[in-house]
Amino acid sequence: MEPLVLDSRTRLLVLTGAGVSAESGVPTFRGMNGLWENHPVEAVASPQGFDANPALVWRFYSQRRTGAADVKPNPGHDALVRWEQHLGDRFLLATQNVDGLHTKAGSQRVVDMHGNLFRTKCADCGRVPFADTSVHPSGTVPKCDSCGGRLRPDIVWFGEMLDPNDLARIGEFIQRQDGTRLVFLAAGTSGAVWPAAGIVDEVRAVRGDTWLVNYESAANTERFHHFVQGLSGQVLPTLANLV
Ligand code: BV8
Ligand code: ZN
């Protein structure tokens with residue numbers, strides 16, 4: 001297997017999904033067959049689901065806060081920290097994961113594309129999102145102490161736009177004209193959710209080199225130049241040649 005060469009002429013964009021956190025004990029969406037307590041995840045992770053039954057949605061996220069509270073980063077997260085230390089500003093990590101494990105591992109140049117499990121905002125007023133690990137008893141919906149409205153996790157739900165600043169940060173890194181060659185690596189993702197699943201094509205459009213590290217084939221495997229099949233916690237620590 002040819003190594004992934006990370007030298008002084010390289011800039012690297014990494015995209016991660018739930019598979020990268022699997023070895024830390026965080027269940028993947030596919031692992032749950034896209035269901036939570038027989039509810040399609042899209043149902044409890046959507047503005048429509050929240051309007052229809054906010055208490056159910058808070059039970060879903062309270063359970064995930066409890067589940068993710070004590071999980072630890074794994075060697076896959078740690079490898080990405082080393083790559084960033086080697087590349088500096090020629091590195092960017094875009095994650096679909098809301099568990100915060102990359103930041104916990106020490107990654108700095110991180111774009112939380114789909115938000116963060118441990119942040120909360122108000123669904124009814126524009127107050128600034130705030131750090132929040134609280135778990136709410138079943139059936140309750142926390143109230144906003146600014147407007148009395150409904151608090152919600154600061155997460156991008158299905159049918160909701162991603163933060164344009166996050167998309168711009170990724171787009172600028174892809175379009176950067178600084179004489180470096182662009183390499184894109186996706187890890188632990190099934191390539192089924194957009195716009196994240198389309199990044200590989202944005203990279204190919206500027207003739208970047210593309211790698212997929214995944215336990216099984218993804219919906220967009222054929223879009224990648226290189227597919228390394230395996231567990232990210234085992235593959236990522238040995239994949240790169242830091243020169
Ligand atoms: C939007 C937060 C504008 C919530 C999430 C174009 C075509 C079709 C549909 C659309 C489209 N454009 C927009 C859509 C609609 C939708 C979408 O993509 N739907 C899909 C289901 C078809 N996209 C949106 O709604 C986005 N917003 O586009 O707004 C708009 C609006 C309306 C209409 C048009 C445009 C918002 C998307 C973000 C939603 N929020 N998360 C929460 O977490 O609670 S998405 C959520 O699901 C995750 O963040 C992640 O993105 C996704 C799950 O995917 P993965 O992370 O890849 O995980 P998965 O379990 O699926 O796969 C894990 C993989 O890892 C597997 O392949 C497995 O083999 C592998 N693996 C397992 N263990 C390991 C491993 N690999 C390596 N090592 C291991 N140890
Ligand atoms: Zn409010």
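Values reported hereafter were calculated over all heavy atoms of this structure, with side chains retained and with hydrogens, waters and symmetry mates removed. Counting starts at 1 for both ligands and their atoms, in listed order.
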Can you get from V135 to W58 by hopping between Ile, Leu, Val, Met, Phe, Trp and Tyr side chains that sit under 4.5 Å apart? no

Verify same cluster id: V110, L13 (apolar side-chain graph, 4.5 Å): no

Considering only the protein, which heavy-atom contact is closest to [atom], and what is its distance?
atom: atom 56 (O) of ligand 1; result: A18 N, 2.9 Å
atom: atom 40 (N) of ligand 1; result: V156 O, 2.8 Å
atom: atom 67 (O) of ligand 1; result: N214 ND2, 2.9 Å
atom: atom 79 (C) of ligand 1; result: G19 O, 3.2 Å
atom: atom 1 (C) of ligand 1; result: E160 O, 3.5 Å
atom: atom 63 (C) of ligand 1; result: G188 O, 3.7 Å
atom: atom 22 (C) of ligand 1; result: A192 O, 3.5 Å
atom: atom 28 (O) of ligand 1; result: W194 O, 4.0 Å

Heavy-atom donor-acceptor pair, [X] side chain to [Y] backbone, under 3.5 Å:
X: T66; Y: S62; result: yes
X: K72; Y: D70; result: yes
X: R11; Y: F173; result: yes
X: N214; Y: G188; result: yes

Run the numbers for me: atoms of ligand 1, each under 4.0 Å from some heavy atom of [X], listed by number.
X: Q96; answer: 48 (C), 49 (O), 50 (C), 51 (O)
X: L231; answer: 78 (N), 79 (C), 80 (N)
X: M161; answer: 3 (C), 29 (O)
X: G17; answer: 56 (O)
X: E42; answer: 21 (C)
X: E23; answer: 78 (N), 79 (C), 80 (N)

Polar contact flag for [X] and ligand 1 (N/O pairs, less than 3.5 Å):
X: S217; result: no
X: N97; result: no
X: G159; result: yes
X: F60; result: no

Of the backbone atoms (N, CA, C, O) and the side-chain heavy atoms from C-beta on, which set of T189 has a member under 4.0 Å from an atom of ligand 1: side chain, backbone, both, or neither? both

Heavy atom under 4.0 Å from ligand 1: found in A22's side chain, backbone, both, or neither? side chain

When rounded to the nearest 0.5 angstrom, what is the spacing between OG in S146 and CG in D124? 11.5 Å

If the test is side chain to side chain donor-acceptor pair (under 3.5 Å), which one of H226, R223, H225 qualifies with T210? H225

Considering only heavy atoms from C-beta outward, does the side chain of L87 approach that of L6 to under 4.5 Å? yes

C125 atom SG and C147 atom SG as seen from the Zn ion (ligand 2), angle to 10 degrees: 110°

Hey, is [X] one of the residues with a heavy atom under 4.0 angstrom from ligand 1?
X: M113; result: no
X: G230; result: yes
X: G233; result: no

If we ignore angles and hydrogens, is there a donor and acceptor under 3.5 Å between the side chains of T189 and Q96? yes

